[in-house]
2 protein chains.
Amino acid sequence: MAQKDTAGRILDAAEALFSEKGFAETSLRNITTKAGVNLAAVNYHFGSKKSLIQAVFARYLAPFCEQFSLQLDLIENQQPSPEQLLKLLVITLTKSGLENPEKFGVFMRLLGLAYSQGQGHLRKFLTSEYSEVFTRYMKEINRVTPQLTPMERFWRIHFMLGAAVFTMSSVDSLMAMADHDLDTKTDVKDVIAQLMPFLASGLMAVDQDKTDGLKNVE
Amino acid sequence: MAQKDTAGRILDAAEALFSEKGFAETSLRNITTKAGVNLAAVNYHFGSKKSLIQAVFARYLAPFCEQFSLQLDLIENQQPSPEQLLKLLVITLTKSGLENPEKFGVFMRLLGLAYSQGQGHLRKFLTSEYSEVFTRYMKEINRVTPQLTPMERFWRIHFMLGAAVFTMSSVDSLMAMADHDLDTKTDVKDVIAQLMPFLASGLMAVDQDKTDGLKNVE
DNA sequence: AATCGTTTAAAACGTATGTTTGAATTTCAT
DNA sequence: ATGAAATTCAAACATACGTTTTAAACGATT
């Protein structure tokens with residue numbers, strides 16, 4: 001167990017270092033040293049650094065998408081609430097190799113990096129490989145928010161994504177901050193429990209400016 | 001006007017390239033070429049690449065903090081609503097060299113990068129230089145959300161920050177996406193108009209699980 | 001046991017980076 | 001106009017990077 005094959009050890013080391021320092025800041029020498037393998041092994045097993053980055057994502061996303069697709073099948077003929085729809089995502093995440101809270105933080109940090117320092121190749125890779133499941137989930141979101149305009153829905157989805165990714169990217173340091181300032185013992189589950197009502201409320205928010213017109217009618 | 005001094009031209013080029021490609025991915029040769037100055041000029045005027053990064057932030061943050069501090073003075077003895085408190089932030093941003101929507105996006109992208117690929121030096125620089133104003137704003141948030149526990153408040157602040165920074169970091173590409181998919185003509189002001197009710201609603205959300213206990217009493 | 005494809009190893013390659021140097025040039029008060 | 005200070009410039013420096021190469025070690029098949 002402690003002695004995985006070379007490729008696996010490289011992936012482990014790479015994902016840890018990437019999530020700590022970013023892609024460009026992590027050298028192949030960093031990775032191979034941490035993995036205890038030869039420098040050339042990366043290029044031998046993965047071809048290039050870019051492909052290694054994609055492989056790190058694929059190892060997370062492949063099982064996740066599989067699980068998520070299954071979960072989406074289950075609710076297709078049901079009437080879930082927004083909260084349930086969010087919970088579905090979280091549950092799937094924890095059911096596809098991310099049950100470990102530490103791994104969860106790592107994955108979210110990688111996701112944040114993919115957005116912020118998203119070199120073209122990563123974005124193309126992600127959208128081309130995993131857009132189908134995302135589209136299906138969006139359909140479900142549409143169903144539970146019929147009162148929203150398409151524009152409102154579009155932006156609120158991305159606000160939610162931002163709140164989740166951004167927070168979970170640095171969930172470790174934020175938890176440490178919270179525990180220090182508030183004298184608590186926070187856990188990733190607690191953060192998610194805080195996040196869900198925030199997201200649900202934001203998604204369902206009633207825009208005051210939009211409904212102001214009614215005042216004149218009354 | 002087109003002929004600023006060398007240091008200014010470097011800052012202009014650096015901030016544009018940083019926000020496009022990130023810090024590590026932008027070389028001094030990229031910057032000096034774009035600025036039309038000699039390579040050594042960066043080290044002459046700023047000392048190092050790290051110091052240049054900090055200088056790019058300082059040029060935005062110095063006027064912002066000044067304005068923001070003034071605005072905070074004005075409401076100190078008032079009873080603003082959460083929406084007004086958010087609006088205060090936005091107004092200050094647009095009153096301190098960020099009235100240009102393009103610049104606004106650049107600044108938010110830099111802020112996002114500072115978090116995601118936040119090399120230690122940047123984080124230390126930002127928190128040490130500009131923590132005072134942030135603390136004052138937090139005090140105001142406390143005042144308008146007395147019903148929240150400190151833990152709820154802490155996390156919701158960061159959720160809001162995440163939604164704002166993450167979305168505004170890639171506001172250009174998101175707007176393009178929205179305009180393409182929904183056949184609209186979105187503008188940064190529109191996005192902010194969408195963002196504010198989302199954030200306000202999330203901040204004030206009532207946690208269902210928390211109030212469930214009351215059901216048993218009734 | 002010999003052979004073949006697969007994997008690891010050490011070293012070197014070419015390139016790009018941040019930084020420094022020292023001379024040339026400009027700036028500007030005297 | 002002059003001389004000192006500030007700035008610009010081309011060139012080189014040392015270092016780190018991703019990648020390639022070549023040979024050695026390994027493992028399964030015959």
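Here is the naming used below: chain letters follow the sequence lines, and residue numbers restart at 1 for every chain. Computed over heavy atoms, backbone and side chain alike; hydrogens, waters and symmetry mates excluded.
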Chemist: Name the closest nucleotide to the Ser48(B) side chain, picking from dT19(C), dT19(D), dG18(C).
Modeler: dT19(C)
Chemist: Rounding to an integer number of Å, can you tell me how far Arg29(B) CZ sits from dA11(D) P?
Modeler: 13 Å
Chemist: With distance as the sole test, does Arg156(A) use its side chain to make a donor-acceptor pair with the main-chain N or O of Ala205(A) at under 3.5 Å?
Modeler: yes
Chemist: Without decimals, in angstroms, what is the distance between Lys21(B) NZ and dT17(C) C1'?
Modeler: 12 Å
Chemist: For the side chain of Tyr44(B), starting at C-beta, report the closest nucleotide among dG18(D), dA9(C), dT8(D).
Modeler: dT8(D)
Chemist: Kindly say whether Leu85(B) contributes a backbone atom to a donor-acceptor pair with the side chain of Tyr137(B) at under 3.5 angstrom?
Modeler: yes
Chemist: Side chain of Leu39(A), heavy atoms from C-beta onward: which of dC17(D), dA9(C), dT19(D) has the nearest atom to it?
Modeler: dT19(D)
Chemist: Taking only side-chain nitrogens and oxygens of Ser27(B), does any of them come within less than 4.0 Å of OP1 or OP2 of dA16(C)?
Modeler: no
Chemist: Whole angstrom is fine here: how far is it from NE2 in His45(B) over to C1' in dC9(D)?
Modeler: 12 Å
Chemist: How many Å lie between CD1 on Ile31(A) and P on dT19(D), as a whole number?
Modeler: 11 Å
Chemist: Quick check on side-chain contact (heavy atoms from CB on, under 4.5 Å): which of Val171(B), Leu93(B), Val90(B) does Ile192(B) satisfy it with?
Modeler: Val90(B)
Chemist: Given the side-chain rings of Phe198(A) and Phe159(B), with only the six-membered ring counted for Trp, is the space between their centroids under 6.0 Å?
Modeler: yes
Chemist: Judged by each residue's nearest nucleotide on DNA chain D, which is more toward the 5′ side, Asn30(A) or Gly47(A)?
Modeler: Asn30(A)
Chemist: Write down the distance between NZ (Lys49(B)) and C1' (dT17(C)), rounded to a whole number of angstrom.
Modeler: 8 Å
Chemist: Rounded to the nearest angstrom, tell me the gap between atom CG in Asn38(B) and atom P in dC9(D).
Modeler: 5 Å
Chemist: Starting the side chain at C-beta, find the nucleotide from dT19(D), dT20(C), dT21(D) nearest to Asn43(A).
Modeler: dT19(D)
Chemist: Given dT8(D), dT21(D), dG18(D), which nucleotide is nearest the side-chain atoms of Leu28(A)?
Modeler: dG18(D)
Chemist: Which sits closer to the 5' end of DNA chain D, Thr26(A) or Gly36(B), going by the nucleotide each is nearest to?
Modeler: Gly36(B)
Chemist: In Å and rounded to the nearest 0.5 Å, what is the CG to CG distance from Asp190(A) to Leu195(A)?
Modeler: 12.5 Å
Chemist: To the nearest Å, give me how far apart CZ (Phe46(A)) and P (dT19(D)) are.
Modeler: 13 Å
Chemist: I need the CG-P distance between Leu17(A) and dG18(D), as an integer number of Å.
Modeler: 12 Å
Chemist: Which part of the nucleic acid, if any, lies within contact of Ala41(B), taking any heavy atom under 4.0 Å across all strands shown: a base, the sugar-phosphate backbone alone, or nothing?
Modeler: nothing
